[in-house]
Amino acid sequence: MPERVDCLVVGTGPVGMVAACALAQAGLSVGLAGPEALPDRDGRTVAILDSGVKLLASLGLWGRAQDVSAPLVEMRIIDDTGSLFRAPPVTFRASELGLDAFGQNIELTDLVAQLKRVLKTQNQLQQWPETVSAFRRRDDGLMEAALSSGTIIECRMLIGADGRYSKVREFAGIQSKDWHYPQTALTAIFSHERDHDDRSTEFHTRTGPCTLVPLKGHRSSLVWMMAPKDAERWAKRSPEEFARAVERQAHSILGKMTIESKIGLVPMAGLSTDHYAKDQIAVIGEAAHVFPPIGAQGLNLGLRDIDSLLKSLNKGMDQNALQRFDADRRRDVKTRTMAVDLLNRSLLADYVPVDFARGAGLMAIGSFKPLRQFVMKRGAGF
Ligand SMILES: Cc1cc2nc3c(=O)[nH]c(=O)nc-3n(C[C@H](O)[C@H](O)[C@H](O)COP(=O)(O)OP(=O)(O)OC[C@H]3O[C@@H](n4cnc5c(N)ncnc54)[C@H](O)[C@@H]3O)c2cc1C
């Protein structure tokens, strides 16, 4: 006999786990399928914006994450391209939006561990710690997912949170376009001499941004984008040499730095889809959109997918719910994918008119409060 749920969520990354919990709390019988392993502790953190933290808290998912996360009160951008049209540093302050903090920065492993802990307590949610190997649509309109153990789960709604190479997306016939950037991100966690004052600093360099994001205490996480060959070379150097290089790149704003984690290497890529839902199947998180880690947008967009899914279902659990979701996601996802792509490519361009436009843009944002507030609101997902 097949197992039966109203809605099957495929993928146990942060987006899949939050979505499964949210849908179960909305009253659906929900299944969650995906491997149980925790992500590697490779220095990768995620800055979750205020709206995302509020969503997690409202679902009872934030709890102990508060103890291992750090507030992000200010975000500073420093043009370090050496361009002729370099703009002065721009600082965004959460207080300008009436917030205590833009959000919270947390190690991805700690976030996933916290989500797993809470999910185990959700009675209305069935979990299968296995990958889905095949899907089938039946004549009666229901869908079937076959797990690696051979178990069959039938459902009337399928949510793909199965990441960039999503099988759910393929099964739904949702077309996607992917691309690569000539960049790899180096990730690591550092302790440092000086206080970060709850401020992240994004140095815009010719190879991409180099960002330091506050963690608890005198600690910060690093995302440094550069040419893949250079990233591989740095990852092989001694921890001391790498720490010196980061300190130099950060102009010693945090004083002496000491590496505390493994070094992670993430090749930079992008992905966009032509739809977010089709025939009772929706895709969310990196199954629907991937872009480089600039301005803390990736997971936050995934959390907004979930919020939108809940709102669409709240208007009626009918055949049109996922169409409403599809229409709602278009503008938000497309604008952010384009904005991040443009900013990243403008750094790599080394072309005078592009430098001028970027410098003038940053200068305008820095000196004109209403524009700065508009950018902050859009960035924070208001
Ligand atoms: C260096 C770096 C820094 C970042 N910093 C930030 C940040 O500060 N703020 C922010 O918002 N975002 C950030 N991001 C983006 C964020 O990390 C991602 O958007 C987010 O982790 C994606 O989560 P996801 O659940 O959509 O996908 P994934 O984490 O990829 O999860 C997909 C899951 O699906 C499972 N799966 C795949 N196939 C199957 C199958 N057939 N059956 C079952 N399960 C399957 C996989 O095992 C995996 O567990 C950053 C990204 C990088 C690379």
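The basis for the numbers below is simple: all heavy atoms, side chains too, and nothing from hydrogens, waters or symmetry mates. When a ligand or atom number is given, it counts from 1 through the structure's own listing order.
Of the possible polar contacts, one joining the Ser133 side chain to the Ala146 backbone as a donor-acceptor pair under 3.5 Å is found. The main-chain N or O of Lys334 is never found under 3.5 Å from a side-chain atom of Arg329 such that the two would form a donor-acceptor pair.
Put simply, the side chain of Pro214 reaches to within 4.5 Å of the side chain of Leu72, judged on heavy atoms. Counting heavy atoms from C-beta outward, Arg137 and Asp279 have side chains that approach closer than 4.5 Å. Counting heavy atoms from C-beta on, the side chains of Glu144 and Phe135 never come closer than 4.5 Å.
Looking at Arg164 against ligand 1, nothing comes within 4.0 Å, counting heavy atoms. Of the heavy atoms in Pro14, both backbone and side-chain atoms come closer than 4.0 Å to ligand 1. Under 4.0 Å from ligand 1, the heavy atoms of Ala33 that appear belong solely to its backbone.
Given atom 1 (C) of ligand 1, the protein heavy atom at minimum distance is Thr187 CG2, 3.5 Å. For atom 39 (C) of ligand 1, the nearest protein heavy atom (residue, atom name, distance) is Asp162 CB, 3.8 Å. For atom 12 (N) of ligand 1, the closest heavy atom belonging to the protein is Leu299 N, 2.9 Å. The single protein non-hydrogen atom nearest to atom 7 (C) of ligand 1 is Ala47 N, 3.3 Å, given as residue, atom name and distance. Atom 22 (C) of ligand 1 has its closest protein heavy atom at Glu286 CG, 3.4 Å. Among protein heavy atoms, atom 28 (P) of ligand 1 sits closest to Gly13 CA, 4.3 Å. Among protein heavy atoms, atom 3 (C) of ligand 1 sits closest to Pro293 CB, 3.5 Å. Of all protein heavy atoms, the one closest to atom 13 (C) of ligand 1 is Val46 CG1, 3.7 Å.
Shown here is Arg64, whose CZ atom has no more than 12 heavy atoms of other residues, nucleotides or ligands within 6.0 Å. Environment of CZ in Arg4: sparse, with no more than 12 heavy atoms of neighbouring residues, nucleotides or ligands closer than 6.0 Å. Shown here is Glu170, whose CD atom has no more than 12 heavy atoms of other residues, nucleotides or ligands within 6.0 Å.
With values rounded to the nearest 0.5 angstrom, Thr184 atom OG1 is found 13.5 Å from Tyr181 atom OH.
Taking every non-hydrogen atom of Pro35 and a distance limit under 4.0 Å, the qualifying atoms of ligand 1 come out as 44 (N), 47 (O). Heavy-atom proximity to Val10, at under 4.0 Å, picks out these atoms of ligand 1: 42 (N), 43 (C). The distance from ligand 1 to the heavy atoms of Thr131 drops below 4.0 Å at these ligand atoms: 42 (N), 43 (C). If you number the atoms of ligand 1 from 1 as listed, the ones under 4.0 Å from a heavy atom of Gly34 come out as 43 (C), 44 (N). Close approach of ligand 1 to Val266 (heavy-atom distance below 4.0 Å) involves ligand atoms 53 (C).
In this comparison of Val132, Leu72, Leu265, the heavy atom closest to atom 42 (N) of ligand 1 sits on Val132. For atom 32 (C) of ligand 1, the candidate residues are Ala161, Gly52, Gly11; the nearest heavy-atom contact is made by Ala161. When the heavy-atom distances from atom 25 (O) of ligand 1 to Val9, Val15, Asp42 are ranked, the shortest goes to Val15.
Below 30°, between 30° and 60°, or above 60°: for His218 and His192 the angle between ring planes is below 30°, a parallel geometry.
Polar contact check, Asn300 against ligand 1: a nitrogen or oxygen pair lies under 3.5 Å apart. Among the atoms of Gly285, none of the N or O lies under 3.5 angstrom from an N or O of ligand 1. Among the atoms of Gly163, none of the N or O lies under 3.5 angstrom from an N or O of ligand 1. The shortest N or O to N or O distance between Lys167 and ligand 1 is not below 3.5 Å.
Residues Leu61 and Gln114 share a closest heavy-atom pair of O-NE2, 3.0 Å.
Residues Gln25 and Gln122 have side chains that bring a donor and an acceptor to within less than 3.5 angstrom of each other.
Ring pair His289/Tyr276: centre-to-centre distance not below 6.0 Å.
Within the 4.0 angstrom cut-off, atom 46 (C) of ligand 1 has no protein heavy-atom neighbours.
Using a 4.0 Å heavy-atom cutoff, Thr45 is listed among the residues neighbouring ligand 1.
In summary, Asp42 and Arg44 do not engage in a salt bridge, as defined by a charged side-chain N under 4.0 Å from a carboxylate O.
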Would you sort out whether Ser149 and Glu130 count as a side-chain hydrogen bond (donor to acceptor under 3.5 Å, both in side chains), showing the intermediate values? CA-CA 7 Å; Ser149 61; Glu130 300 169 47; 2.6 Å; yes
